[in-house]
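Everything on this sheet refers to the single structure shown next.
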Amino acid sequence: MKIGITCYPTYGGSGVVATELGIELAAAGHQVHFITYSQPFRLTGREQGISYHEVPVSNYPLFEYPPYDLALASRTAEVAEYYDLDLLHVHYAIPHSVSALLARQMLAARGRHLPFVTTLHGTDITLVGLDRSYLPITRFAIEQSDGVTSISQYLRERTIKEFKIKREIEVIPNFVNCDFYVPLDPEVRAEKRRRFAAPDEKILIHLSNFRPVKRVTDTVETFARVVEKVPAHLLLVGDGPDRSAAEYLAHKKGIQDRVHFLGKQDSVNELLPLADLMLMPSELESFGLAALEAMACRVPTIATNVGGVPELIEDGVNGRLFPVGDVEAMAEAAAELLLNPAKLEAMADAARKTAQQRFCSSKIIPLYEKYYERVLERTGSGVEPVSPSS
Ligand code: GMT
């Protein structure tokens, strides 16, 4: 198949999923064309079977807000025509599904058909889509998509409820490449951990885009309580609006020497397996990809019991779940595990097993391929997209 993919190319879970999907599809023999405003950060540009098409956005002085969605629609139609794309897959509904809809119409006027699939990731529904100004157009574009998938059951149900969507939404969960996200050999791991911690100290990790929804300061609060009981270090991977609040808090608590702000990192698969535990105290996660990547590396997560997280983490088996903001309970659970190596090892094994048995790319990519085939069959046979709800 010749597949176009549009996503946010910078740091963020939906862009990661889209990019990893493109890489896996290309490895499976498909031709993949990324259509985005910059090269997705996990692409090297040298992958076989993958092309990247930049969307130029002109900044004419009249435009206080450059119309990116129009530029994207226009470039998508061009790429689809030049490269004879079979299907377009857009990640994150806003504005990508609207641009895809426009591109499909532009092509239809020239006698070409370009079906498109929209994958819902989370904040496109839970935050942005519920802003009144975005809701009607987002709902319209979701309804008009030739296929819609969501990355968890939770997000599917929330979309149906809040957007009053009447069409089918297929749940295809997020995935991880279990050959790339792997535990390290114990000796290599011990050696690499020395960069951050002494041999008798523990390592906790947090990975996010440091937006308020991630509650990064709860990570620091939790860690501050852990370190009272267990000598440990905290690796904070990523960057974003709440980084300075987290830095301030680490200083205020006097633990700044133990909190390592590593900024945005391309190779998180090299950092995650160094940790004993991940902290993910988010206000909301429709899935929690960072936890899955950690689990594949044999690192269990202390997380909040929100959104789609319980679809991934079973409390007490492959991680722990707590109410949002309960930093005391999260710290107590983390310390208990860190002080009980047998329990932590069992949980680490269960975490890796969950990733391998339920969320490995080898299991999930075929679901996307089958879904594309169904969309092509359906649209090729002349079935019209579902009409919008009132
Ligand atoms: O919250 C983020 O990290 C960014 C956001 C995105 O769309 O880029 O993440 C959402 O999509 C991820 C990938 O599917 C999910 O793992 C995250 O749970 C989801 N974030 C939220 O729902 C807050």
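Just the heavy atoms: all of them, side chains too, but no hydrogens, waters or symmetry mates, feed the values below. In this text, all values refer to a predicted model and were calculated from it rather than measured experimentally. Start at 1 and go down the list; that is how both ligands and their atoms are numbered. Start at 1 with the first residue, then count along the sequence.
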Quick check: [Y] with [X] (ring centres under 6.0 Å apart)?
X: Y52; Y: H33; result: no
X: F287; Y: F359; result: yes
X: F196; Y: H260; result: yes
X: H121; Y: Y92; result: no
X: H30; Y: Y372; result: no

Strictly below 4.0 Å, N to O, side chains only: are [X] and [Y] in salt-bridge contact?
X: E336; Y: K229; value: no
X: K214; Y: E285; value: yes
X: R298; Y: D349; value: yes

A student comparing R211, E285, H91 should find that the heavy atom closest to atom 5 (C) of ligand 1 comes from R211
Judged by heavy atoms only, the candidate from E283, H121, R158 nearest atom 10 (C) of ligand 1 is H121
Which of the ligand 1 atoms, numbered from 1, are nearer than 4.0 Å to a heavy atom of [X]:
X: G12; answer: 8 (O)
X: G13; answer: 3 (O), 4 (C), 6 (C), 8 (O), 12 (C), 13 (C)
X: L284; answer: 23 (C)
X: K214; answer: 1 (O), 2 (C), 3 (O)
X: T123; answer: 23 (C)
X: L289; answer: 16 (O)
X: G122; answer: 22 (O)
X: Y92; answer: 7 (O)

message = With no hydrogens and no angle check, just 3.5 Å: does a side-chain donor-acceptor pair link E247 and S244?
response = no
Check your understanding: So, S97 and T118: side-chain donor and acceptor under 3.5 Å apart, yes or no?
Key -> no
- prompt: For atom OH of Y134, is the number of surrounding heavy atoms from other residues, nucleotides or ligands below 6.0 Å larger than 12?
  reply: no
With the threshold set at under 4.0 angstrom, would you say G288 reaches ligand 1 through any of its heavy atoms? yes
So is T126 close enough to ligand 1, meaning a heavy atom under 4.0 angstrom away? no
If I apply the N/O under 3.5 Å rule, does [X] come out as touching ligand 1?
X: F287; value: yes
X: S14; value: yes
X: G15; value: no

Counting heavy atoms under 4.0 Å, the part of N174 that contacts ligand 1 is side chain
Contact region, D124 to ligand 1, non-hydrogen atoms below 4.0 Å, reads neither
